Amino acid sequence: MILKILNSILILFAVFMGTKHGWNMLMAKPEMLEMFGKWNFSKNAVIINGGVTLLASVLILFPKTFVWGNFLMAAGILMIICLQLLHKDFKGATIEIPFLLLNLVIIYLQHPLKAN
């Protein structure tokens, strides 16, 4: 029971962060354009990435699409980590690692409302 409560809190945190960052990308906020701009992402690419991130956040909420949502979110985070490392930004890549691990832990613990 405690694990389900903990996992629910982790899921809500991941969904909140995904929604927040996805919305910022979808609205093409200057800080997002600046971050992705150093990797030569166009404004449209940032907006599409934001849409995928928002979609992943919504998919995480439902048991049937839970793994797909986490997979999309983890793939996006892994892409950012790889781009950070490609440009020798070790600090930036290190900051993203806990968020990647969060999605992996959530997948391991499974959806709290999943029928066993």
Side-chain angles (χ1 to χ4, degrees):
M1 182 66 172
I2 292 175
L3 270 180
K4 284 190 176 199
I5 293 170
L6 176 65
N7 192 27
S8 297
I9 292 168
L10 292 175
I11 288 171
L12 290 175
F13 179 72
V15 168
F16 169 75
M17 293 300 289
T19 303
K20 180 180 167 230
H21 290 283
W23 186 255
N24 287 341
M25 286 186 271
L26 194 66
M27 294 294 112
K29 297 279 181 160
E31 61 270 10
M32 290 297 173
L33 293 177
E34 179 185 337
M35 182 177 90
F36 284 96
K38 66 184 175 186
W39 303 318
N40 297 321
F41 274 58
S42 68
K43 181 179 177 182
N44 288 336
V46 174
I47 291 171
I48 291 168
N49 195 18
V52 170
T53 303
L54 280 173
L55 175 66
S57 295
V58 171
L59 291 176
I60 288 173
L61 294 173
F62 302 101
K64 288 189 176 192
T65 57
F66 174 74
V67 174
W68 286 106
N70 274 296
F71 174 76
L72 278 175
M73 187 84 71
I77 294 168
L78 185 60
M79 177 190 71
I80 291 171
I81 290 172
C82 290
L83 290 168
Q84 297 277 15
L85 291 174
L86 185 66
H87 287 87
K88 309 257 189 272
D89 185 3
F90 187 70
K91 181 183 176 191
T94 308
I95 290 170
E96 297 292 333
I97 290 174
F99 299 106
L100 177 64
L101 293 176
L102 174 66
N103 285 105
L104 299 177
V105 167
I106 290 171
I107 290 172
Y108 175 76
L109 293 174
Q110 299 182 356
H111 198 283
L113 301 178
K114 180 182 175 189
N116 292 334

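The structure displayed is predicted, hence computed values, not measured ones.
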Practice item. Before giving the answer on side chain to side chain contact (heavy atoms under 4.5 Å, CB included), spell out for K38 and Q84 the whole-Å C-alpha distance, their side-chain angles and the decisive distance to 0.1 Å. Key: CA-CA 10 Å; K38 66 184 175 186; Q84 297 277 15; 4.1 Å; yes
So how far is it from [X] [atom1] to [Y] [atom2], rounded to the nearest 0.5 Å?
X    : Y    : atom1 : atom2 : result
K20  : T53  : NZ    : OG1   : 13.0 Å
N24  : E31  : CG    : CD    : 5.5 Å
L109 : L6   : CG    : CG    : 7.0 Å
C82  : I77  : SG    : CD1   : 12.0 Å
L12  : I60  : CG    : CD1   : 10.5 Å
E96  : L101 : CD    : CG    : 11.5 Å

Practice item. Compare all side-chain heavy atoms of M35 with those of V46 and state whether any distance is below 4.5 angstrom. Key: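 Heavy-atom side-chain distance check fails, nothing below 4.5 Å.
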Point to revise | Pairwise side-chain contact, F62 with L113, heavy-atom cut-off 4.5 Å (strictly under) | key: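 They are not in side-chain contact.
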Practice item. Sequence neighbours left out, what pairs pass side-chain hydrogen bond (donor to acceptor under 3.5 Å, both in side chains) with at least one residue falling in residues 64-82? Key: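 Of all non-adjacent pairs touching residues 64-82, those that pass side-chain hydrogen bond (donor to acceptor under 3.5 Å, both in side chains) are N70-N103.
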Exercise for review: Sequence neighbours left out, what pairs pass side-chain hydrogen bond (donor to acceptor under 3.5 Å, both in side chains) with at least one residue falling in residues 5-16?
Suggested key: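 Counting only pairs at least two positions apart or across chains, no side-chain hydrogen bond (donor to acceptor under 3.5 Å, both in side chains) contact touches residues 5-16.
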Review point. When clusters are formed by joining ILVMFWY residues with side-chain heavy atoms under 4.5 Å apart, either directly or through shared neighbours, do I47 and M27 land in the same one?
Key: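 Yes.
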Over all heavy atoms of both residues, which pair between [X] and [Y] is shortest? Give the atoms and the distance, please.
X    : Y    : value
L26  : G51  : CD1-N, 3.9 Å
F90  : T94  : O-OG1, 2.6 Å
Q110 : K114 : OE1-NZ, 3.6 Å
G50  : M25  : CA-CB, 3.4 Å
A14  : I106 : CB-CD1, 3.8 Å

Check your understanding: Are F99 and M73 close enough, and set up right, to give a side chain to side chain contact (heavy atoms under 4.5 Å, CB included), and what steps lead you there?
Key -> CA-CA 9 Å; F99 299 106; M73 187 84 71; over 6 Å; no
Check your understanding: Within the distance-only criterion (no hydrogens, no angle test), does the side chain of S57 pair as donor or acceptor with the backbone N or O of T19 below 3.5 angstrom?
Key ->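 Pair found, side chain donor or acceptor close to backbone of T19.
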**Study point:** Side-chain (H111) to main-chain (L61) donor-acceptor, under 3.5 angstrom
**Key:**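 A pair under 3.5 Å: yes.
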Practice item. Could you go through the side chain to side chain contact (heavy atoms under 4.5 Å, CB included) check for M32 and H21 one step at a time? Key: CA-CA 9 Å; M32 290 297 173; H21 290 283; 3.3 Å; yes
Exercise for review: For side chain to side chain contact (heavy atoms under 4.5 Å, CB included), just list the numbers for F66 and L59, CA-CA rounded to whole Å, side-chain angles, deciding distance to a tenth of an Å, and then say yes or no.
Suggested key: CA-CA 6 Å; F66 174 74; L59 291 176; over 6 Å; no
